[in-house]
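Values reported hereafter were calculated over all heavy atoms of this structure, with side chains retained and with hydrogens, waters and symmetry mates removed.
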Amino acid sequence: VPISEDDMNFLQMFANQAALAIDNTLLYANLEKRNRELREAQDQLVQTEKFTALGKMSADIAHEIRNPIICVGGFARRLLNDDTLSEKNKKYVNIISEEATRLETILQDILIFSKETVMRFEECNINDVIKGALDVVGLEILDREIDVNPCFYRDIDLIIADTRQLKQVFINLLTNALQQVPEKKGLINIMTYNTLSLRGGVTIEVTDNGGGIAPEIIDNIFNPFFTTKGSGTGLGLAIIRKIIDNHKGNINIRTVSYTHLTLPTKRIV
């Protein structure tokens with residue numbers, strides 16, 4: 001049966017209506033997607049504002065509490081040198097001193113995490129930064145007879161970074177490793193090399209023979225105040241992530257006591 005002109009007109013009209021329906025469907029789906037993204041952005045903004053307010057409040061409280069705690073700890077340490085104290089009283093004063101020191105550390109972590117970071121970029125050698133961090137924890141390494149094997153690439157590229165903050169990153173990483181490895185049999189390896197990529201950069205790998213991180217909590221380790229230890233604030237890794245993000249770098253901690261960290265050689269705004 002030949003197709004008439006009316007049939008062609010009907011088919012044309014049907015095709016136009018079908019195309020219009022498809023366009024409307026796509027527009028509706030796109031509108032739904034945009035609305036969903038807008039709701040998510042609004043929720044994220046509300047959460048960000050809450051965390052900002054909480055961070056400011058925490059910083060204000062920590063600052064107010066810090067000075068009295070320092071006074072308590074200072075006086076307790078002076079009393080420990082008093083030879084007229086009985087052994088029983090010295091024991092009590094020593095507990096006060098230790099707990100005051102622990103509170104000072106907690107408050108310092110909170111202040112570091114919550115305050116706005118002022119970056120002081122300069123050209124530096126990452127090997128020298130790590131050596132400075134090793135000097136800070138060197139006494140504990142010696143006391144616990146832990147082997148630390150640094151393997152620094154001699155011709156490492158220079159990076160543009162805040163050396164003070166990066167030093168804090170490696171102090172925190174080394175402190176975590178020292179808490180995980182066994183005493184007298186502990187082993188920590190540190191390796192640096194130039195990143196093999198078009199963007200360049202440097203890579204740092206830190207491994208140890210400790211227990212590692214359980215797979216079920218690996219996604220939470222960078223969350224503020226998350227900790228599996230009996231003491232501490234749970235801010236150590238959160239501070240590390242914040243500093244590395246400020247440097248436009250990347251950090252990846254795996255379950256088998258392995259940390260992979262990369263930093264760009266140029267300042268990225």
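- Separating the CG atom in Leu178 from the CD atom in Glu183 is a distance of 10.5 Å, to the nearest 0.5 Å.
- In this structure, a donor-acceptor pair under 3.5 Å is present between the side chains of Gln12 and Asn16.
- Side-chain atoms of Asn209 come within 3.5 Å of backbone N or O of Lys185 as a donor-acceptor pair.
- Taking hydrophobic clusters as Ile, Leu, Val, Met, Phe, Trp and Tyr residues chained together by side-chain heavy-atom distances below 4.5 Å, Ile95 does not share a cluster with Ile69.
- A side-chain donor from one of Asn89 and Ser86 sits under 3.5 Å from a side-chain acceptor of the other.
- When the side chains of ILVMFWY residues are joined at heavy-atom separations under 4.5 Å, either directly or via intervening members, Val148 and Val206 end up in a single hydrophobic cluster.
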Test side chain to side chain contact (heavy atoms under 4.5 Å, CB included) on Asn189 and Cys151 and set out the steps.
-> CA-CA 8 Å; Asn189 297 314; Cys151 182; over 6 Å; no

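- Within the 4.5 Å cutoff, the side chain of Ile244 has heavy atoms near those of the Val169 side chain.
- The shortest distance between side-chain heavy atoms of Leu237 and Asn172 does not fall below 4.5 Å.
- Nearest approach of Leu263 to Ile204, heavy atoms of both residues: CD1-CD1, 4.2 Å.
- Judged by distance alone, with hydrogens and angles left aside, the side-chain atoms of Asn127 form a donor-acceptor pair with the main-chain N or O of Tyr153 at under 3.5 Å.
- The shortest heavy-atom contact between Ala161 and Leu166 is CB-CD1, 3.5 Å.
- Gly186 approaches Val181 most closely through the heavy-atom pair CA-CB, 3.7 Å.
- Side chains of Phe75 and Arg77 form no contact here, defined as non-hydrogen atoms less than 4.5 Å apart.
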Side chain to side chain contact (heavy atoms under 4.5 Å, CB included) between Ile22 and Thr25: does it pass, once the steps are laid out?
-> CA-CA 5 Å; Ile22 292 172; Thr25 301; 5.6 Å; no

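- For the residue pair Thr259/Glu205, the side-chain donor-acceptor check at 3.5 Å is not satisfied.
- Side-chain atoms of Ile160 and Glu122, non-hydrogen and from C-beta on, never get closer than 4.5 Å to each other.
- Nearest heavy atoms, Val129 versus Cys124: CG2-SG, 4.4 Å.
- Side-chain contact, Thr163 with Arg120: no donor N or O sits under 3.5 Å from an acceptor N or O.
- A heavy-atom distance below 4.5 Å is not found between the side chains of Ile188 and Ile141.
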Begin with the C-alpha distance, continue with both residues' side-chain angles, and end with the deciding distance and a verdict on side chain to side chain contact (heavy atoms under 4.5 Å, CB included) for Asn176 and Gln179.
-> CA-CA 5 Å; Asn176 282 351; Gln179 292 172 348; 4.0 Å; yes

Verify side chain to side chain contact (heavy atoms under 4.5 Å, CB included) between Tyr92 and Lys90, making sure each step is shown before the conclusion.
-> CA-CA 5 Å; Tyr92 294 149; Lys90 276 192 175 183; over 6 Å; no

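- The CZ atom of Arg154 sits 11.5 Å away from the OG1 atom of Thr192 when rounded to the nearest 0.5 Å.
- In this structure, Phe152 and Ile126 have side chains that are not in contact, with every pair of non-hydrogen atoms separated by 4.5 Å or more.
- Of all heavy-atom pairs spanning Gly201 and Asp157, the tightest one is O-OD2, 4.3 Å.
- When Ile190, Ile146, Val136 are each tested for a side-chain contact (heavy atoms from CB on, under 4.5 Å) with Leu174, only one passes: Ile190.
- Closest of all the heavy-atom pairs between Ala76 and Ile96 is CB-CG2, 3.9 Å.
- Other residues, nucleotides and ligands place more than 12 heavy atoms under 6.0 Å from the CZ atom of Arg144.
- Interatomic distance, NZ of Lys91 versus CG of Leu80, reported as 14.0 Å (0.5 Å rounding).
- With rounding to the nearest 0.5 Å, the separation of CZ in Phe170 from CD1 in Ile130 is 4.0 Å.
- Put simply, the side chain of Thr101 gets close to the backbone of Ser97: a donor and an acceptor are under 3.5 Å apart.
- To the nearest 0.5 Å, atoms CG (Asn125) and CG (Leu158) are separated by 6.0 Å.
- Side-chain atoms of Thr262 and Thr203 include no donor-acceptor pair closer than 3.5 Å.
- The shortest side-chain heavy-atom distance between Asp162 and His247 falls under the 4.5 Å cut-off.
- Taking the side chain as every heavy atom from C-beta outward, Leu187 and Asp208 never approach each other to under 4.5 Å.
- A distance-only check finds no donor-acceptor pair linking the side chain of Asn30 to the backbone of Leu26 [under 3.5 Å].
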